[in-house]
2 protein chains.
Amino acid sequence: MPVTVLLVDDEPLVRAGLRAVLAAQPDIEVVGEAADGAAVIPLVRSLRPDVVAMDIRMPLLDGIEATRAVLRTVAEPPKILVVTTFEDDEYVYEALRAGADGFLLKRSRPEEIVHAVRLVAAGESLLFPASVRQLAARYGAGRADAEPLAKARLTEREAEVLRLMARGLTNAEIAAALVVGAETVKSHVSAVLAKLGARDRTQAVIAAYESGFVAPR
Amino acid sequence: MPVTVLLVDDEPLVRAGLRAVLAAQPDIEVVGEAADGAAVIPLVRSLRPDVVAMDIRMPLLDGIEATRAVLRTVAEPPKILVVTTFEDDEYVYEALRAGADGFLLKRSRPEEIVHAVRLVAAGESLLFPASVRQLAARYGAGRADAEPLAKARLTEREAEVLRLMARGLTNAEIAAALVVGAETVKSHVSAVLAKLGARDRTQAVIAAYESGFVAPR
DNA sequence: AGCGGCCTCCCCCGCGCGGGGGAGCGGGTC
DNA sequence: GACCCGCTCCCCCGCGCGGGGGAGGCCGCT
């Protein structure tokens with residue numbers, strides 16, 4: 001019986017890479033993919049994978065929150081293997097605290113990736129913070145640009161407001177649609193902008209499209 | 001004769017993803033890989049690829065320097081397709097100044113990646129994902145969705161302004177980017193809004209996404 | 001019972017935005 | 001030459017937007 005894996009990453013290219021690397025192994029089977037953290041829980045329920053390879057920086061629900069959500073809501077949770085780049089160093093520990101079973105650098109060689117999946121599937125735990133620090137130190141002398149959508153844990157109401165923003169509605173129209181006051185909408189909009197790292201509603205809508213939160217028709 | 005491609009990225013996962021996406025095409029052949037910019041030149045000399053898919057952020061020699069080096073030292077240089085994670089203006093312009101033939105976001109969908117490789121191999125140069133979509137919409141099976149913008153018939157300058165609007169820039173920033181006055185940008189924005197039937201810049205950006213004028217993901 | 005998160009609503013305030021006009025200039029067409 | 005069009009820049013003006021605060025009610029967790 002092969003190890004079944006669910007891939008969760010917002011970049012199709014990374015998913016394709018993981019799939020190519022893992023599917024080449026006879027004892028590993030990729031059973032599904034997700035592009036954001038919000039889609040993980042239903043997929044885990046229906047596919048019941050042994051391992052979830054989870055990116056940290058993702059739209060809608062980041063890997064840390066998604067890890068917490070899976071471990072909190074699923075009866076027999078899969079092993080969580082956090083897949084990260086060096087920029088996410090700070091978040092690695094948070095992910096491990098959230099209950100992740102191990103982490104993996106995207107820079108890893110294919111053999112290491114395969115090895116990591118096998119190990120966590122077998123119940124081993126991968127903790128190599130030293131190597132992460134090394135890599136972070138080596139490459140970290142670069143930009144400090146943000147991860148706008150990663151920390152974006154929108155509440156239900158905020159997500160609803162963002163959807164309406166992404167349909168071109170003004171605050172007043174959103175208020176009418178949701179049957180609340182205009183000031184309330186302003187509060188939600190401000191919260192959305194802050195969480196997305198957007199300067200104005202236009203940038204928020206762009207982020208919504210870019211992250212796949214809303215899809216062009 | 002298939003298009004031959006050399007993959008240059010420091011992350012094996014990204015290389016595997018590109019390879020998986022490109023190798024699935026009968027008319028594209030991945031002839032080699034490199035993990036840093038320094039290894040590119042000898043590989044280009046020996047493999048003579050049609051296209052080099054080049055990451056920007058790499059150890060030893062970044063993609064921009066590697067691009068310059070290849071174009072400076074190789075007799076019949078390949079097309080350089082810069083593959084980048086962030087839609088970062090400075091890097092993009094720097095890469096294009098260095099002689100790159102186009103750039104591609106890692107967030108792009110597989111079809112867009114394949115399309116981009118084919119286009120640069122054919123001698124087309126793609127400056128922005130938007131132009132990729134435009135070309136795709138023009139040659140590919142035209143969707144009815146593309147009509148609002150097709151009918152709008154934006155002038156070149158207006159299209160440029162819309163592109164920058166769709167990247168979240170304010171009027172002042174657009175003015176700075178285009179090296180014109182703020183009042184000029186206002187005029188163009190007004191013209192764009194009128195032609196798109198948009199009430200504000202947010203609706204204009206939505207129309208840009210919905211029509212495929214700019215590409216998500 | 002306390003605490004924190006979420007949703008709701010309110011104030012003031014600055015400013016970017018968009019509409020309404022107008023105008024000069026170069027290039028192309030007729 | 002007359003004409004149109006695209007690009008450029010300018011004026012005034014109203015208003016939606018977003019930031020800065022604050023506040024009360026509800027719920028779930030501890």
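Lettering of chains follows the sequences in order, A, B, ..., and the numbering in each one begins at 1.
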- Query: Under the side-chain contact (heavy atoms from CB on, under 4.5 Å) criterion, do A:Thr202 and B:Met165 qualify, and how do the steps go?
  - Reply: CA-CA 8 Å; A:Thr202 303; B:Met165 287 168 65; 5.9 Å; no

- Query: Should A:Thr155 and A:Lys195 be marked as a side-chain contact (heavy atoms from CB on, under 4.5 Å) after you check the CA-CA gap, both sets of side-chain angles, and the distance that decides it?
  - Reply: CA-CA 10 Å; A:Thr155 69; A:Lys195 288 185 178 179; 3.8 Å; yes

- Task: Go through the steps for B:Glu160 and B:Arg157 under the test salt bridge (Lys or Arg N to Asp or Glu O under 4.0 Å), then give the verdict.
- Result: CA-CA 5 Å; B:Glu160 185 80 5; B:Arg157 207 54 163 170; 5.8 Å; no

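In this structure, A:Glu158 places its CD atom 13 Å from C1' of C:dT8, rounding to the nearest Å. Atom pair A:Met165:CE and D:dG16:P shows a separation of 16 Å (rounding to whole Å applied). Taking atom CD of residue A:Gln203 and atom P of nucleotide D:dG19, one finds them 11 Å apart after rounding to whole Å. Remark: C1' of C:dG16 and CG of A:Leu193 are 14 Å apart, rounded to the nearest angstrom. The CD-P distance, from A:Glu156 to D:dC27, rounds to 15 Å in whole Å. One interatomic measurement links the two molecules: CG of B:Asp200 to P of C:dG16, which rounds to 17 Å at whole-angstrom precision. Atom-to-atom, CZ of A:Arg157 to P of D:dC26 comes out at 17 Å; the value is rounded to the nearest Å. Following rounding to the nearest Å, A:Glu183 (CD) and D:dG18 (P) show an atom-to-atom distance of 13 Å.
Phosphate contact (OP1/OP2 of D:dG16, side-chain N/O of A:Asn171, threshold under 4.0 Å): absent. Between A:Thr184 and the phosphate of C:dC9, there is a side-chain N or O to OP1/OP2 separation shorter than 4.0 Å. Of the side-chain N and O atoms in B:His188, one or more sit less than 4.0 angstrom from OP1 or OP2 of D:dT8. The side chain of B:Thr155 contributes no N or O atom lying less than 4.0 Å from OP1 or OP2 of D:dC5. Phosphate proximity of D:dG18 to A:Arg199: absent, as no side-chain N or O sits under 4.0 Å from OP1 or OP2.
When heavy atoms are screened at a 4.0 angstrom cut-off, A:Ser190 is found touching the sugar-phosphate backbone but no base atom.
Taken from CG in A:Asp50 to CD in A:Glu29, the straight-line distance is 9.5 Å, to the nearest 0.5 Å. Of the inter-residue distances, the one linking A:Thr170 atom OG1 with B:Gln203 atom CD reads 9.0 Å to the nearest 0.5 angstrom.
Toward the 5' end of DNA chain D, the nearer of the two residues A:Leu169 and A:Ser187, judged by each one's closest nucleotide, is A:Leu169.
Interface remark: the A:Lys186 side chain does not form any donor-acceptor pair with the D:dG16 base, using a distance-only criterion of under 3.5 Å.
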